Amino acid sequence: MTAEIISGTEIRKAILAEVKEEVDQMKEKHGKVPGLVTILVGSSPASISYVTLKVKTAISLGFHEIQDDQPEDISEEDLLALIDKYNNDPDIHGILVQLPLPKHIDDKKILVAINPDKDVDAFHPVNVGRLMIGGEEAIFHPCTPAGIQEMIVRSGTETSGAEVVVVGRSNIVGKPIAMMMAQKGVGANATVTIVHTRTKDLAAHCKRADILIVAAGVPGLVKPEWIKPGSTVIDVGVNRIGMNEKTGKAILSGDVDFNAAKEIAGKITPVPGGVGPMTIAMLMKNTLKSAQYALK
Ligand code: NAD
């Protein structure tokens, strides 16, 4: 039987429509809208394209959006002063500093300067701690893990008591999604195992996963025979495996052998069109939450 495809493109559309509706209601009730500032330092083409997409999405939802571009040679001190300005701006609910930053600027110093209540990327140590504590404390979840959890919930996958195996232990995907799935709450209450490069028998762990979340960055790492029949497979990997000479665009592949895996899994995310499109939607949702929180 062929697996049901969990489309990130479709779920993103639904989430953005929900966010837009809540923004309209906020405007009507309180005369306010969520405010997001995107700070771009320098002119890396990849960063420009990420920021442009975030800005366009925010504007399409009716957010108050400021795109604050800064020159490559901005000093660390000036960048910190800029963050401080937005920390104190009541119309701004989300501050996003596009990474990577130039070498003369310390990323960590910048990220901890953001007010945790405006840290919509949820990379600040305070938000990492809140995520560990769970419940009401965790205002924001980091966007990629939040997108993964949303896909699991909206695909109708049962998580309570499920065996979840997470491949990868990075700070931006593996560790936070593992913690989120183990918490009490909707889309959670799972029994979680994290596997990584030092794990002895990767295949054995994957084989017992009711929900397999793969974020390793290794194309084809997960073999079809590692997949439990009927399970839900979330492939976070985005790997460039070649170039389409006609379109000039990169050919992308995930960490799972999709064509073979879809004949075994019950539900599976594709690459592209799976987890990728979810991240920006969750960023918008975090900014909305921050604005709602500020109104309380
Ligand atoms: P990372 O390199 O920081 O971490 C990868 C993790 O996978 C490490 O913890 C490592 O131990 C583990 N790993 C690597 N090779 C392994 C192997 N052979 N066996 C077992 N474990 C192995 O990467 P990351 O930032 O977590 O990203 C992982 C993948 O997800 C990448 O392909 C990245 O492009 C993708 N990604 C996608 C999105 C998105 O779609 N929005 C967001 C973030 C990351």
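All residue numbers refer to positions in the sequence shown, counting from 1. Computed from a predicted model, the values in this text were never measured in an experiment. We count ligands from 1, going down the list as the structure has it; atoms in each ligand are counted the same way.
Ligand 1 lies out of reach of Gly174, whose nearest heavy atom is not under 4.0 Å from it.
Scanning Gly168, Gly274, Ser170 for the heavy atom closest to atom 1 (P) of ligand 1 points to Ser170. The heavy atom nearest to atom 10 (C) of ligand 1, out of those in Thr197, Val218, Val173, Val195, is found in Thr197.
A salt bridge does not link Glu136 to Lys296: none of the charged side-chain nitrogens sits closer than 4.0 Å to a carboxylate oxygen. Salt bridge Lys118/Asp89: absent, no basic N to carboxylate O contact under 4.0 Å. For Lys228 and Glu163, the salt-bridge test fails: no basic side-chain N is under 4.0 Å from an acidic carboxylate O.
In terms of protein heavy atoms, atom 31 (C) of ligand 1 is closest to Gly217 CA, 3.7 Å. If you check which protein heavy atom lies closest to atom 18 (N) of ligand 1, you get Leu221 CD1, 3.5 Å. Atom 19 (N) of ligand 1 has Leu202 CD2, 3.6 Å as its closest protein atom, hydrogens excluded (heavy atom only). Among protein heavy atoms, atom 2 (O) of ligand 1 sits closest to Ala216 O, 4.5 Å. The protein non-hydrogen atom at the shortest distance from atom 32 (O) of ligand 1 is Val238 N, 3.0 Å. The protein atom (non-hydrogen) at minimum distance from atom 8 (C) of ligand 1 is Arg169 N, 3.9 Å.
In terms of N/O distances under 3.5 Å, ligand 1 is approached by Thr279.
Proximity of atom 40 (O) of ligand 1 to the protein is indicated by at least one non-hydrogen atom lying closer than 4.0 angstrom.
Atom NZ of Lys27 sits in a sparse spot, with 12 or fewer heavy atoms from other residues, nucleotides or ligands closer than 6.0 Å. At most 12 non-hydrogen atoms from other residues, nucleotides or ligands lie less than 6.0 angstrom from CZ of Arg240. Heavy-atom contacts from other residues, nucleotides or ligands closer than 6.0 Å to CD of Glu225 number more than 12.
Side-chain N/O atoms of Glu65 and Thr38 include a donor and acceptor closer than 3.5 Å.
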